[in-house]
Chemist: 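There's a structure below that I have some questions on.
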Amino acid sequence: MPNRRPSDLETPVAGGGLLHRRALLGGTIAAAGALSAAQAQDPIGLGSPLTMTRPGAGFSGYGAPAEWAQGIRRLTPPASARPGTGSSRTPLEALEGVITPSGLHFERHHNGVPAIDAAKHELLIHGLVKRPLSFDLDSLRRYPMVSAMRFIECAGNSGGLTGETIAPTATAASLHGLVSNSEWTGVPLSILLEEAGVDPSARWLLAEGADAAGMSRSVPLWKAMDDAVVALFQNGEPIRPEQGFPMRLLLPGFQGNANVKWLRRLKVTREATYTRDETSRYSLLMADGTTRVFPLELGVKSLILKPSPGLTLRGPGVYEISGIAWSGAGRIRAVEVSADGGRSWAKAALDGPAAAKALTRFRMPWRWDGSPLTLLSRAIDETGARQPTRTAWKAQFAPGQSYNYNAINAWAVDQAGLLRGVHAT
Amino acid sequence: MRPELVLALLASVTLGSATFAQNLGKPATPAAMAASDISIGPDGAGLPPGSGSVAEGARIYAAKCVVCHGPDGAGAPGDRLTGGVGTLKSERPVRTVASFWPYATTVFDYTRRAMPLTTPQSLTNDEVYAVTAYMLSIDGIVAKNARLDAASLPQVVMPNQVGIVSWEPKLRRR
């Protein structure tokens, strides 16, 4: 009974600290049997939680998490001389289901969050088009919209696991917290491009943000015409500033960085632009020394969150293993879990109908006998793609290449029920 | 619901989304396009008039870049810009602007739009040409007496230009 304060219960009845027996009710139900005469005459409020005995708080213009849940925060980086470059991470293991609350969506900025005046912001579509056009927020809001659950994952997510050592303090959030999932709503980009009239020679777009990094990425035209969206809403409300207010490009399943925030310009081009963030960054240096540019679609991936480091098991018994799975190629078909380091696997249950290019929650009942073991999960998507082992993943790439990491994740459980990240595959 | 939205929805139902057109985009003026079109293609499309030399660039670098990128672009605390050329196939690949970036146009584009970090977009076009020339001269990608402009910059051959493979057509074929 978290709302009952000791002062409400601890009514002294005699010297030496003797208290009214009502205090006992704080723990468990009173001993079975008939009520004493005194109890029968007490107002019922004396036996009720305090919240039932006085009116609660009034209304608020914007709700906040429960006080109890206010410790659930993004993992922010230590204070820095360059506070605008870096990332904060979603506290994955503190959340359930698949929706990331908007205020907990991971952040990756290259030079801070711009303060954009929505009334002045415009999206320009130009280049190889018949009619160069600009759209303000008001007019975009008059177009037909689509809503869909989609994950966004930074291409650098989980990349630390390419290294040999894993910090003993590492958690699901610190290792994998650059993935989040929202319902995004906006205008299909194909509608706007058709209005502008794309030249048949065009193959690419250059998407650019209005931030101090001038973030820019090349987008294949087929993707822009397929399921790309100029997103205006996140989980039902206008997109948060740190997610691109007033509008961001949403490219379902593509590297997070290509989902350009604070979108201000789309230039239709014949060739890719080869911007800094698709050459220097977010490209893949292969084992043979070649560089793969535009590895845009993210692979199939999964992660056990319950239990995970920091969520210690309280002794042998029955637990639910649960976690998240996703794929840039489409729906999750299946997730398999192993509790013996990969010797045997079993199929987990999936929550709801799995949405394409969105997080899917998997669940698996488990009786832990108290012995040390390793928990793994591996996902398969609707194209039949499977999560690789870490060894197979690493063999493709040059040393130090850590983008688009999607290998099988492993948590070791020790006798005390403590978990930590390990390399098991 | 606004009447125009109802009409729009009806239109989309009867005509299908392929022919749907709200036509609410405003024609973009050439001036507005020119002001916001700051990206440079790998063929040099979009490069502005102006020029800058390695010597001028060295002075700008010392004044505006060295605090974060170190002497000769050696890095710390900011990114390492130079060195590592020829290491990409080795056991210890070092990825820098010099060793890894396939196009010199990208160096111009990125420096002009995003650097210096605390005052982005404050350099003149001449200054960007100059500091680009300076950064590329450190590894001998351009000569120590080079001067870059819209004609010469796209001709610069970066060491890793031969190494890049576009992965995008693979996606398209699927």
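Below, read A as the first sequence line, B as the second, and so on, with proteins coming before strands; counting in each chain starts at 1.
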Chemist: Indicate yes or no for a side-chain donor-acceptor contact from B:Asp109 to the backbone of A:Arg276 under 3.5 Å, with no hydrogens or angles considered.
Modeler: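 A pair under 3.5 Å: no.
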Chemist: Check whether any side-chain heavy atom of A:Pro132 sits under 4.5 Å from a side-chain heavy atom of B:Pro27, and report yes or no.
Modeler: no
Chemist: Heavy-atom distances under 4.5 Å only: say whether B:Pro77 touches chain A with side chain, backbone, both or neither.
Modeler: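 Contact with chain A involves both backbone and side-chain atoms of B:Pro77.
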Chemist: Please report the interatomic distance CZ(A:Phe135) to NZ(B:Lys26), rounded to the nearest 0.5 Å.
Modeler: 10.5 Å
Chemist: Could you check which of A:Leu285, A:Leu124, A:Leu284 has the highest count of heavy-atom pairs closer than 4.5 Å to chain B?
Modeler: A:Leu285
Chemist: Say you draw a straight line from CG of B:Asp37 to NE2 of A:His126; how long is it, rounded to the nearest 0.5 Å?
Modeler: 4.5 Å
Chemist: Nearest 0.5 Å, what's the OG-CG distance between A:Ser280 and B:Leu81?
Modeler: 9.5 Å
Chemist: Are any side-chain N or O atoms of B:Glu168 and backbone N or O atoms of A:Phe294, one a donor and one an acceptor, separated by less than 3.5 Å?
Modeler: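 The answer is no, because no donor-acceptor pair under 3.5 Å joins these two groups.
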Chemist: Taking only residues two or more places apart in sequence, or in another chain, which ones meet A:Trp262 in a ring pair (Phe, Tyr, Trp, His ring centres under 6.0 Å)?
Modeler: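 Scan of A:Trp262 (ring pair (Phe, Tyr, Trp, His ring centres under 6.0 Å), adjacent residues dropped) gives A:His109.
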Chemist: Does any heavy atom of chain B fall under 4.5 Å from the side chain of A:Thr85, the backbone, both, or neither of them?
Modeler: side chain
Chemist: Relative to chain A, which segment of B:Ile38 carries a heavy atom at a distance below 4.5 Å: side chain, backbone, both, or neither?
Modeler: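 Both parts, backbone and side chain.
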Chemist: Given side chain to side chain donor-acceptor pair (under 3.5 Å), test A:Thr279 with B:Trp101 step by step and report yes or no.
Modeler: CA-CA 6 Å; A:Thr279 53; B:Trp101 292 29; 5.3 Å; no
Chemist: Do you know which of A:Glu271, A:Arg264, A:Lys223 has the most heavy-atom pairs under 4.5 Å to chain B?
Modeler: A:Arg264
Chemist: So that I can tick it off, tell me whether A:Arg281 and B:Asp79 are bridged by a salt bridge, with the cut-off set at under 4.0 angstrom between side-chain N and carboxylate O.
Modeler: yes
Chemist: For each of A:Leu133, A:Leu296, A:Thr291, tally heavy-atom pairs with chain B at distances under 4.5 Å, and name the one with the top tally.
Modeler: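 When all of A:Leu133, A:Leu296, A:Thr291 are compared, A:Thr291 has the most.
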Chemist: Are any of the side-chain heavy atoms of B:Leu117 and A:Arg82 separated by less than 4.5 Å?
Modeler: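 B:Leu117 vs A:Arg82: side chains touch.
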Chemist: At a heavy-atom separation under 4.5 Å, does B:Pro42 approach chain A through its side chain, its backbone, both, or neither?
Modeler: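 Contact with chain A: backbone and side chain both.
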Chemist: A:Lys267 versus B:Ser39: any side-chain heavy-atom pair under 4.5 Å?
Modeler: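 Yes - at least one pair of side-chain heavy atoms lies under 4.5 Å apart.
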Chemist: Report the option among A:Glu208, A:His110, A:Gln401 that has the most heavy-atom pairs separated by less than 4.5 Å from atoms of chain B.
Modeler: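 The answer is A:Glu208.
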Chemist: Please look at A:Ala196 and chain B and tell me whether the side chain, the backbone, both or neither of the residue comes under 4.5 angstrom of a heavy atom of that chain.
Modeler: neither
Chemist: Rounded to the nearest 0.5 Å, how far apart are CG of B:Leu24 and CD1 of A:Ile191?
Modeler: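 Reported value, rounded in 0.5 Å steps: 11.0 Å.
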Chemist: Looking at B:Arg113 and A:Asp211, is any side-chain nitrogen of the basic one under 4.0 Å from a carboxylate oxygen of the acidic one?
Modeler: no
Chemist: After noting the C-alpha distance and the side-chain angles of B:Val165 and A:Val293, does the key distance pass the side-chain contact (heavy atoms from CB on, under 4.5 Å) rule?
Modeler: CA-CA 6 Å; B:Val165 182; A:Val293 286; over 6 Å; no
Chemist: Begin from the C-alpha positions of A:Asp288 and B:Lys89 and carry the test side-chain contact (heavy atoms from CB on, under 4.5 Å) through to its verdict.
Modeler: CA-CA 6 Å; A:Asp288 65 2; B:Lys89 288 190 163 88; 6.0 Å; no
Chemist: Which pair of non-hydrogen atoms, one from A:Ala213 and one from B:Ala114, has the smallest distance, and what is that distance?
Modeler: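 Distance-wise, the nearest heavy atoms are O-CB, 3.7 Å.
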Chemist: Within this structure, what is the CG-OG distance for the pair B:Asn160 and A:Ser283, rounded to the nearest 0.5 Å?
Modeler: 8.5 Å
Chemist: Go through A:Glu297 and B:Trp167 one step at a time and tell me if the side chain to side chain donor-acceptor pair (under 3.5 Å) criterion holds.
Modeler: CA-CA 10 Å; A:Glu297 189 180 283; B:Trp167 200 237; over 6 Å; no
Chemist: I need the residue from B:Leu88, B:Thr105, B:Thr87, B:Thr118 with the largest number of non-hydrogen atom pairs under 4.5 Å to chain A.
Modeler: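 Of B:Leu88, B:Thr105, B:Thr87, B:Thr118, B:Leu88 has the most heavy-atom pairs under 4.5 Å with chain A.
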Chemist: To the closest 0.5 Å, what do you measure between CD1 (B:Ile164) and OH (A:Tyr274)?
Modeler: 4.5 Å
Chemist: Identify the two heavy atoms, one from B:Ser90 and one from A:Pro399, that lie closest to each other, and give their separation to 0.1 Å.
Modeler: O-CD, 4.4 Å
Chemist: Does any pair with a residue in residues 139-148 of chain B pass side chain to side chain donor-acceptor pair (under 3.5 Å), and if so which ones, sequence neighbours excluded?
Modeler: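 Passing the test, one end in residues 139-148 of chain B: B:Ser51-B:Arg147, B:Glu56-B:Arg147.
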Chemist: With chain A, which of B:Ser36, B:Gly41, B:Pro120 has the greatest number of heavy-atom pairs at distances under 4.5 Å?
Modeler: B:Ser36
